[in-house]
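Okay, structure first, notes after.
Note that ligands are numbered from 1 as they come in the structure, with each ligand's atoms numbered from 1 the same way. Positions are given from 1, in the same order as the sequence printed here.
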Amino acid sequence: MAGSATDKGPLKIGLFGGTFDPPHIGHLVLADQVKHIVELDELVFMVANNPWQKEGTRKITDAKTRVALATVALEAAEGISVSDLELQIGGDSFTINTVVALKQHYADLGHEASIHVIVGSDAAAGLNTWHEHERLREMVEIIVVNRPGGHGVAPGWRTRHIGIPPLDISSTQIRASIRAGRSVRYLTLDPVIEAIDKFGLYRD
Ligand code: ATP
Ligand code: MG
């Protein structure tokens, strides 16, 4: 994460949290579209250390490996970075803690930062289940992006809706395809597929 010098007020930072197990073109198209439409200074893929709301529902790939997958997925991206901040914080990943730490990170670089939390419309429906959501809603704007099958946004948040080309792609589908021996080419980038092969992920 960097921060460009600006005299236009606070840096506009997009915080795009996820499990990214694995990252796919749905994530990438979303990030690129939002970055340009919202005119973000930087968009950060924030890899969850422990995605506590998914705990017990399935086996989650270890966080460092998911950071590696996101890193290769974004090798060619400009103004979009991957952060392991939630791994550094450790434990369950609560966006409230991430936002506080992210604001501090930019403050240490001499910048005020306004944080725009980016969610697909499936995740947006559950915002009021997030840890300390009442405090969080005072601190951020929510950027809601359409997702096939997604629901509306939970009430009470400062939101902006961004329309993007709908892509009905999920990490769940990709994991299932790999387990079944089907091709996932073009659903994610070739370097991600190579890393999945190298690490032997999703086969069991
Ligand atoms: P899984 O199937 O394992 O839940 P996922 O594809 O939903 O994986 P996540 O890491 O859970 O990916 O999602 C991170 C964020 O990206 C969420 O806000 C989610 O709504 C959004 N997102 C994921 N895929 C898409 C998509 N195809 N279109 C729009 N938003 C998406
Ligand atoms: Mg999901």
Could you check whether any side-chain N or O of S93 sits under 3.5 Å from a backbone N or O of N49, counting only pairs where one atom can act as donor and the other as acceptor?
yes
N146 N/O to ligand 1 N/O under 3.5 Å
no
Would P148 count as a polar contact of ligand 1, with the cut-off being nitrogen or oxygen pairs under 3.5 Å?
no
min-distance protein heavy atom vs atom 12 (O) of ligand 1 -> H27 NE2, 3.0 Å
Output yes when the distance from some N or O of ligand 1 to some N or O of D21 is under 3.5 Å, and no in every other case.
no
Could you tell me whether ligand 1 has any atom less than 4.0 Å away from a heavy atom of I169?
yes
Determine the minimum heavy-atom distance between P155 and R137, stating which atoms define it.
O-NH2, 3.8 Å
For ligand 1, which atoms, with element, lie under 4.0 Å from some heavy atom of V119?
18 (O)
Per-atom contacts, ligand 1 versus T19 - under 4.0 Å to a heavy atom:
10 (O)
Out of curiosity, is Q173 lining ligand 1, as in a heavy atom under 4.0 Å away?
no
Would you call the rings of H24 and H27 parallel, tilted or perpendicular if under 30° counts as parallel and over 60° as perpendicular?
parallel
Side chain to side chain donor-acceptor pair (under 3.5 Å) partner of Y106, chosen from E112, E42, H111
E42
What are the atoms of ligand 1, with element, lying closer than 4.0 Å to any heavy atom of G17?
14 (C), 15 (C)
For atom 30 (N) of ligand 1, what's the nearest protein heavy atom and its distance?
L30 CD1, 3.3 Å
Please could you name the atoms of ligand 1 that G18 approaches to less than 4.0 Å, counting only its heavy atoms?
10 (O), 14 (C)
May I ask you to say whether D204 pairs ionically with R179, meaning some side-chain N is under 4.0 Å from a carboxylate O?
no
Give the residue and atom name of whichever protein heavy atom lies nearest to atom 18 (O) of ligand 1, and the separation in Å to one decimal.
G120 N, 3.0 Å
Given 3.5 Å as the limit, does a donor-acceptor pair link the side chain of D92 with the main chain of N50, or not?
no
With heavy-atom distances below 4.0 Å as the criterion, list the atoms of ligand 1 near F16.
15 (C), 16 (O)
For ligand 1, is any non-hydrogen atom under 4.0 Å from R66's backbone (N, CA, C, O), its side chain (CB onward), both, or neither?
neither
Geometry only, no angles: is L167 polar-contacting ligand 1 at N/O separations under 3.5 Å?
yes
Closest heavy-atom contact between K35 and E78?
CE-O, 3.7 Å
Counting only nitrogen or oxygen atoms and a 3.5 angstrom limit, does F20 reach ligand 1?
yes
Contact region, T172 to ligand 1, non-hydrogen atoms below 4.0 Å, reads both
Looking at non-hydrogen atoms alone, which of R175, R147, Q53 comes nearest to atom 25 (C) of ligand 1?
R147
If you measure every N or O of G26 against every N or O of ligand 1, does any of those distances drop under 3.5 Å?
no
Test of proximity, D168 against ligand 1: N or O pairs below 3.5 Å
no
Near D122, which atoms of ligand 1 are under 4.0 Å from a heavy atom of that residue?
19 (C), 20 (O)
Which option wins on minimum heavy-atom distance to atom 11 (O) of ligand 1: K54, R58, M46?
K54
Do R160 side-chain atoms and H116 backbone N/O form a donor-acceptor pair below 3.5 Å?
no
Backbone of V67 reached by a side-chain donor or acceptor of T71 within 3.5 Å:
yes
Please state whether the rings of W157 and H133 are parallel, tilted or perpendicular, taking 30° and 60° as the class boundaries.
tilted
Would V47 and D84 count as a side-chain contact (heavy atoms from CB on, under 4.5 Å) here? Give the steps.
CA-CA 6 Å; V47 178; D84 66 355; over 6 Å; no
Side chain N146, main chain I164, donor-acceptor under 3.5 Å:
yes
Which heavy atom in S121 sits nearest to a heavy atom in V144, and how many Å separate them?
CA-CG1, 4.1 Å
